[in-house]
Number of protein chains: 2
Amino acid sequence: MTEAAGGGRDAESVSKFVESFAAQLVEAGMQRMAARVFAALLSSDKGVMTSAELGEQLQISPAAVSGAVRYLAQTHMVSREREPGSRRERYRVRGDQWYEALTNREAVLKRWEAALREGVSSLGADTPAGRRMAETLAFFEFVEGEVAAMMERWRERREKMFGA
Amino acid sequence: MTEAAGGGRDAESVSKFVESFAAQLVEAGMQRMAARVFAALLSSDKGVMTSAELGEQLQISPAAVSGAVRYLAQTHMVSREREPGSRRERYRVRGDQWYEALTNREAVLKRWEAALREGVSSLGADTPAGRRMAETLAFFEFVEGEVAAMMERWRERREKMFGA
DNA sequence: CCTTAACTTCACAAATTTCTGAAAGAAGCG
DNA sequence: CGCTTCTTTCAGAAATTTGTGAAGTTAAGG
């Protein structure tokens with residue numbers, strides 16, 4: 001059997017998934033350690049791990065875990081939990097965490113929009129460049145609204161497929 | 001007047017926009033030179049510039065332009081045009097180029113999905129981790145379909161707002 | 001309070017990425 | 001055909017990013 005004793009899954013399968021999924025995330029622009037930590041959490045049995053467990057499994061220093069987790073928490077990819085009555089912190093990923101993360105991309109969009117508005121008004125709305133930027137701006141505004149609606153639909157569908 | 005003679009806009013306004021918009025793109029993960037080139041094109045009068053013009057305006061070497069443009073073309077953020085009857089190449093950004101670029105993110109999604117499917121089957125669809133990954137996978141599949149539909153809606157709206 | 005366990009911050013070393021100048025490679029034009 | 005003009009490739013210097021060990025900080029538990 002590939003199942004080891006002591007409640008572990010096949011450590012090699014897990015590691016293989018972790019590294020290959022992390023690699024995809026890195027390629028899409030995520031920091032390497034953050035990607036690995038996220039993948040490890042995603043493939044963990046409970047979806048929760050302590051800093052020590054992460055460092056152990058990924059063979060990285062506490063400092064690296066700390067940095068990765070800070071990034072992931074900022075971008076809402078994981079949530080931190082203070083285990084009550086212990087100085088241990090636990091990091092959790094839920095199945096619908098991507099929903100959260102994507103929703104928060106909105107802040108980025110907002111900043112892009114601000115920069116574009118600035119550009120339109122400083123170059124002049126009646127210039128060719130101004131019109132081009134205005135169109136870009138309109139596209140972003142459109143996407144922003146659509147994403148919100150899309151997320152609402154996902155909520156409904158998710159509830160049906162996976163329950164609450 | 002801020003309008004210089006010779007058809008130029010106020011060079012400083014343009015540069016200010018270019019750098020500030022580029023900075024936002026960089027923060028979101030784009031390479032710096034690519035971001036600057038893209039912003040320069042977006043704010044150019046015709047939406048078209050030659051390699052030499054880009055190098056001149058941004059004060060970067062031909063090599064840097066070449067690298068940036070290759071990246072932008074790969075990700076469909078700009079299109080290259082061979083000016084017929086000249087060894088000069090021209091790079092163009094259109095108002096709806098983001099549409100193109102976003103559409104092509106699909107390939108990235110596909111790879112993520114593949115990695116997740118691999119993970120689900122290797123960890124077991126009946127394990128907690130497997131279920132969590134399956135849910136993530138379902139989310140991505142959902143998004144993929146929704147984005148396609150969204151883009152179709154944008155096309156329609158765009159036509160109304162800006163014409164063809 | 002003092003001890004101890006855990007996380008965070010800091011300074012530095014290592015690795016990677018980025019940009020340049022120079023040379024090589026295409027492609028029009030005479 | 002060779003010249004000229006533009007783009008790309010390449011090797012290396014410079015800058016940035018990344019990850020570590022070690023010191024610092026916070027908070028639980030005696």
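Excluded from the calculations below are hydrogen atoms, water molecules and symmetry mates; all remaining heavy atoms, backbone and side chain alike, are included. Naming convention: chains lettered A, B, ... in sequence-line order (proteins, then strands); numbering from 1 in each chain.
- A distance of 8.5 Å separates OG1 in Thr127(B) from CZ in Arg132(B), rounded to the nearest 0.5 Å.
- Contact annotation: Ser66(B) does not reach the phosphate of dT7(D) (side-chain N/O to OP1 or OP2, under 4.0 Å).
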Protein-proximity profile, nucleotides 10-30 of chain D, B/S/- by nucleotide at the 4.0 Å heavy-atom cutoff, equals ---------SBB-------S-
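- When all heavy atoms are compared, the tightest approach of Phe17(A) to Ala39(A) is CE2-O, 4.2 Å.
- Cluster membership check: Leu102(A) shares its hydrophobic cluster with Trp112(A), using side-chain heavy-atom separations under 4.5 Å among Ile, Leu, Val, Met, Phe, Trp and Tyr.
- On the nucleic acid side, DNA chain C contacts chain A at distances under 4.0 Å to non-hydrogen atoms, with the end points of that region at dA5(C) to dT9(C).
- With a 4.5 Å cut-off on side-chain heavy atoms, Leu42(B) and Leu116(A) count as touching.
- Note on Tyr71(B): nothing from the nucleic acid sits closer than 4.0 angstrom, heavy atoms only.
- If you check the side chains of Tyr99(B) and Arg158(B), you find no donor sitting under 3.5 Å from an acceptor.
- Remark: of the listed residues Trp98(A), Phe162(A), Trp154(A), Trp154(A) is the sole one forming a ring-ring contact (aromatic ring centres under 6.0 Å, His included) with Phe139(B).
- Tracing side-chain contacts under 4.5 Å through hydrophobic residues (I, L, V, M, F, W, Y), one never reaches Val26(B) starting from Met30(A); they form parts of separate clusters.
- Across all strands, Arg90(B) comes closer than 4.0 Å to no nucleic acid atom at all (heavy-atom distances).
- Between the CZ atom in Arg88(A) and the CZ atom in Arg82(A) there is a gap of 12.5 Å [rounded to 0.5 Å].
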